[in-house]
Number of protein chains: 2
Amino acid sequence: MRLTSKGRYAVMALVDLARFDGINPVSLRDISLRQSISLDYLEQIFSKLRKKEIVQSVRGTQGGYILNRKAKEIKLTNIFDAVDEKVKTVQCKKESKKGCNGKSTKCLTHNLWDELETHINNFFDKKSLDDLVKENFERRL
Amino acid sequence: MRLTSKGRYAVMALVDLARFDGINPVSLRDISLRQSISLDYLEQIFSKLRKKEIVQSVRGTQGGYILNRKAKEIKLTNIFDAVDEKVKTVQCKKESKKGCNGKSTKCLTHNLWDELETHINNFFDKKSLDDLVKENFERRL
DNA sequence: ATGATACTTGACTATTTTGGTCAGGTTTAT
DNA sequence: ATAAACCTGACCAAAATAGTCAAGTATCAT
């Protein structure tokens, strides 16, 4: 089981962005430098975040990105969704017609993955971007 | 984020095994046929399960495997542990000396992965093999 | 207007991980 | 002795990941 770094980077970048939200657009270049994430990779990630309306872009000099919603209203689920980070339960889920193992029945662990998925999504649904910003920067205020 | 099928197969095989526990050793060949898992792959998996003392092997003709503990005492955490299925939080965890991103500080999502890991482990700690057997076969009793 | 900054898009690729297979054993019941 | 079943380690192809690279386009500041 594994969490990919695309999802992790997306969250890191958004926490960074959320911190400055409301003042100026934040350029990917700045985020790249502060968070040590390749600029090219960030561009890929933000392209997806924009399509899902989590951020807005501001073009031109002094441009960058701003949050499209309040940090409190952006849940981690939204972020992971946007960058295609899914809880894949090993092709043991979607095929409604066929079973998981090529047979016609569900495999013995089918319900288990269902439950786990729900469990994890609950966790991500509760956490907002705002929570993370507070957790990381409250000491410095 | 992803769940590998090695862990899934391990659980499937053990549920199958647990079902017949106490009567005779169950051969991997039988499990292979019933669960549609390659025999060679099962051998790899059971080798690990044996080393972690989750199962015992019985050699020779009519041999096979039996559970080494009661099904109620085998938690899913134990199984995933045994087959090296870990909740990897993207190298963002172990390096205590260096930070997660090459810098000396923890990355902005460090605590998040910690929490998630705990959350998931809680789930797997609660579920025992016995629970799964009951869930899958209670209707037929 | 024009250059610099910054976003935008899409193709491409090396590395790693996964999900196995294959071969060649050893052990033990019958 | 022989067949069933465990045991071990090496090997490999396909897929996914984690990016890089190239070639733009849009907009602001001056």
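No hydrogens, no waters, no symmetry mates; every other heavy atom, side chains included, goes into these values. By convention in this document, chain letters (A, B, ...) are assigned in the order of the sequence lines, proteins followed by strands, and residues within each chain are numbered from 1.
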Please state whether the base of C/dT8 and the side chain of A/Gln44 form at least one donor-acceptor pair under 3.5 Å? no
Counting only distance, no hydrogens or angles, is the base of D/dC7 paired donor-acceptor with the side chain of B/Glu43 under 3.5 Å? yes
Hey, can you pull the residues of residues 48-57 of chain A with a non-hydrogen atom under 4.0 angstrom from DNA chain C? A/Arg50, A/Ser57
How many whole angstroms separate atom [atom1] of [X] from atom [atom2] of [N]?
| X | N | atom1 | atom2 | result |
| --- | --- | --- | --- | --- |
| A/Tyr41 | D/dC21 | OH | P | 15 Å |
| B/Leu39 | C/dG19 | CG | P | 18 Å |
| B/Asn24 | D/dA4 | CG | C1' | 15 Å |
| B/Leu28 | C/dG20 | CG | P | 16 Å |
| A/Ile45 | D/dA18 | CD1 | P | 10 Å |
| B/Phe46 | D/dC7 | CZ | C1' | 14 Å |
| A/Arg29 | C/dT8 | CZ | P | 18 Å |
| B/Asp40 | D/dC11 | CG | P | 16 Å |

Could you give the side-chain donor-acceptor pairs of residues 45-52 of chain B under 3.5 Å, partners two or more places apart or in another chain?
unit_1: B/Lys48; atom_1: NZ; unit_2: B/Asp84; atom_2: OD2; d: 3.1

In this structure, are over 12 heavy atoms from other groups packed under 6.0 Å from A/Glu43 atom CD? yes
Within this structure, what is the OG1-CG distance for the pair A/Thr118 and A/Asp114, rounded to the nearest 0.5 Å? 6.5 Å
How far apart are the closest heavy atoms of A/Pro25 and A/Ile66, and which atoms are they? CA-CG2, 3.7 Å
Mind checking whether B/Phe80 and A/Trp113 have parallel, tilted or perpendicular rings, split at 30° and 60°? tilted
Considering only residues two or more places apart or on different chains, which pairs with a residue in residues 60-82 of chain A satisfy salt bridge (Lys or Arg N to Asp or Glu O under 4.0 Å)? none
Within the 4.0 Å heavy-atom criterion, would you say A/Tyr9 contacts the bases, only the backbone, or no part of the nucleic acid? sugar-phosphate
Tell me what A/Tyr65 touches on the nucleic acid: a base, only sugar-phosphate, or nothing, going by heavy atoms under 4.0 Å. sugar-phosphate
What pairs with A/Glu115 under salt bridge (Lys or Arg N to Asp or Glu O under 4.0 Å), at least two apart in sequence or on another chain? B/Lys127
Nucleotide of D/dT8, C/dT8, D/dC6 approaching B/Ser47 most closely (side-chain heavy atoms): D/dT8
Can you check whether A/Val83 reaches A/Thr4 side chain to side chain, under 4.5 Å on heavy atoms? no
Is the backbone of A/Asp30 close enough, under 3.5 Å, to the side chain of A/Ser27 for a donor and an acceptor to pair up by distance? yes
Distances under 3.5 Å only, N/O to N/O: pair up the protein atoms with those of nucleotides 27-30 of chain C.
unit_1: C/dT27; atom_1: O4'; unit_2: B/Arg59; atom_2: NH1; d: 2.9

Determine: side-chain N/O of B/Ser38 to OP1/OP2 of C/dG19, distance under 4.0 Å, yes or no. no
Side-chain N or O of B/Ser5 less than 4.0 angstrom from OP1 or OP2 on C/dG20? yes
Taking only residues two or more places apart in sequence, or in another chain, which ones meet A/Glu53 in a side chain to side chain contact (heavy atoms under 4.5 Å, CB included)? A/Asn68
